[in-house]
Amino acid sequence: MPDVHWGYGFPIGGVAATNVERGGVVSPGGVGFDISCGIRLLSTTFDEGDIQPRLTRLMTTLKRDVPAGGGRGGIWRANDRDLRRVLEHGARAAVEAGYGFTEDLERCEDGGWLPAGVGDAVSERAKARGIGELGSLGSGNHFIELQIVDRILDPQVAQRFGLREGQVTAMIHTGSRGLGHQICSDHVREMLKALESYHIELPDPQLAAAPVRSTHGERYLSAMAAAANFGRANRQLLTWAVRRVFEAALGRGQISVVYDVSHNLAKLESHQVGGSRVELCVHRKGATRALPAGHPDLPGVYSEVGQPVLVPGSMGTASYVLVGESSNDAFFSTCHGAGRAMSRHAAMRTGDGVELRRSLQRQGILVETRSVASLPEESPEAYKDVDEVVRACEGAGLSRPVARLRPVGVLKG
DNA sequence: ATGTTC
C-alpha cells in the first residue's frame, strides 16, 4: 500500500496472502504486535457550531474520562469472567455488559467479534496484562479525535454512511494493548521453536510462521481472534466514553457507529485467483480490508455501496472515509493511514512538544495529552501526505474517496 | 505497538 514503511518482519502497509490448501503459512509478524489495531468512526447529530463553544470542555472531559498512556487502567473494571466473555465475543460482550447498543455491532467488521475458543493459546500473562486495560487508549499513534466533515466527495455513498458536510464526527484509533502484544510475542517464540518440524527455513526470525493447518498455526489464529475481540471491545468501550462526554457537555443527541475496521489482522477468506476460488490467509498489517458493493460479507446497510474504509491522517491533518471498489486486485485491501515518513526517533528531533501543541492550536486544533514531551513523535512532519496516499489508492483502483474530515480536537495517548 | 529489554 502507498503508506508503506518499515516494520517488524513484514512492512506496515503490507498485504500478504497464502494459499491454505497448499500449506500456506500464517505469520504473527504479518499481523503486527498490536493485533486488531483499528479505527472506529462515530457520526453525531451535532454540527461544528454546536461544539465550538464547548470544545475546551469536551476535550478536558475526554482526557479525564479516557484512560490513556501506559498502564493507567481501563474503563471496565472487569473480572476474569468478563475478560473471558470479551475474548470470546468481542464488542458484543461490551454491549451485553451495557456499554452500547446492538445496532452498534451491525456496523462493525465481522459484527464486532470473531469466534474464538480461549484455551491455553492465550497465556495467563497475556490475560493479566489485558484485564486492567479494557477501555483504554494506549500511546504512540493512538488517539480519539473530534472532526468536522470538511468535504463530501461522493454524495450518494456519504449519505448511506450517514455523513454530511459540517457534521461532527469522532474517530477512535486503538488496539488490543498489552494483551495483543503479549500474544504476538508468545506465538513468535512458540513458532520459532517449531520451524524445523515444519521444514521452514527463514532469513530472519522476525518472519516466524507456521502452516495455517497446523497446531501452531491454529493456536496462533485462535489467540489472534481473542486479541481481535479484545481490540473491538476496547473500541466499543471508548465509544461509550465518547457518548457520555458528549451527553454531559451538549445534552441529548445521537451518536452512531459509521464503521469499525481493523488494519492489523490475518483472515481466512475466499478469493478468486486465476479463475478459481481459493481459501487464502490474508495478512493485512497496516492495511485495511475494503469490500466492494455487493460483497456477501458486507452488512445489509452497506451492501449496495461497499464497505466504509477509515483512514486517519496524522495529528493535525485531514482524515478520510473511503469506499471499497470492485477493481481492487489486492485481495480487497487499501491503505490504513498517512504512513510514517520518519522514525519515532528522527521525529523527536523535529521540534519541541509545547511548541507543536501551540502551533496546532493556532490552526484551530486543540490537543490534549498526558505527555506533551513525546508529542513530536507524532508530528505531521513525521508522516506522509495523506491526501496523496488516498489519491494513489484511488489511482490504483483500490478504493474511492467519500468524505474528508478535518480535526478540531485530539486526545493523544 | 509495548508494564518502550524477561
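The structure presented is a predicted model; accordingly, all values stated were derived computationally and were not measured. The chains referred to below are lettered A, B, ... by the order of the sequence lines, with proteins before strands, and numbering in each begins at 1.
Ile183(A) places its CD1 atom 14 Å from the C1' atom of dA1(B), with the value rounded to the nearest Å. Counting to the nearest Å, the P atom of dA1(B) and the CD1 atom of Ile12(A) are 8 Å from each other. For the pair Gln182(A) CD and dT2(B) P, the computed distance is 13 Å after rounding to whole Å. Rounding to whole angstrom units, CZ of residue Arg284(A) and C1' of dA1(B) are separated by 20 Å. What separates OH of Tyr8(A) from C1' of dT2(B) is a distance of 13 Å, to the nearest Å.
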Set out, line by line, the N/O atom pairs under 3.5 Å between protein and nucleotides 4-6 of chain B.
none

Donor-acceptor contacts, no H, no angles, side chain residues 57-66 of chain A, under 3.5 Å, sequence neighbours left out:
residue, atom, partner, partner atom, Å
Arg57(A), NH2, Ala248(A), O, 3.0
Thr60(A), OG1, Thr56(A), O, 2.5
Thr61(A), OG1, Arg57(A), O, 2.5

Ignoring hydrogens and angles, write down the donor-acceptor pairs under 3.5 Å from the side chains of residues 91-99 of chain A, residues two or more places apart or on other chains.
residue, atom, partner, partner atom, Å
Arg92(A), NE, Glu96(A), OE2, 3.1

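Residue Gly140(A) is in sugar-phosphate contact alone, with no base atom involved, counting any heavy-atom pair closer than 4.0 Å across all strands shown. Contact annotation for Arg344(A): base contact, defined as any heavy-atom pair under 4.0 Å involving a base atom. Gly175(A) comes within 4.0 angstrom of nothing in the nucleic acid, heavy atoms only. Residue contacts for Gly138(A): at a heavy-atom cut-off of 4.0 Å it reaches the sugar-phosphate backbone alone, with no base atom in range.
In terms of the side chain to side chain contact (heavy atoms under 4.5 Å, CB included) criterion, residue partners of Val4(A) (sequence neighbours excluded) are, by chain and number, Pro11(A), Lys384(A). For Tyr259(A), the side chain to side chain donor-acceptor pair (under 3.5 Å) partners are Arg289(A), not counting sequence neighbours. Evaluation of the side chain to side chain contact (heavy atoms under 4.5 Å, CB included) rule for Glu279(A) yields Val20(A), Glu21(A), Arg213(A), Leu268(A) as partners, not counting sequence neighbours.
Residue Asn141(A) places at least one side-chain N or O closer than 4.0 Å to OP1 or OP2 of dA1(B). At dA1(B), none of the side-chain N or O atoms of Arg177(A) fall inside 4.0 Å of OP1 or OP2 (strictly under the cut-off).
Here His263(A) and His173(A) bring their ring centres to under 6.0 angstrom of each other.
Within the 3.5 Å criterion, the main-chain N or O of Lys285(A) finds no donor-acceptor partner in the side chain of Asn264(A).
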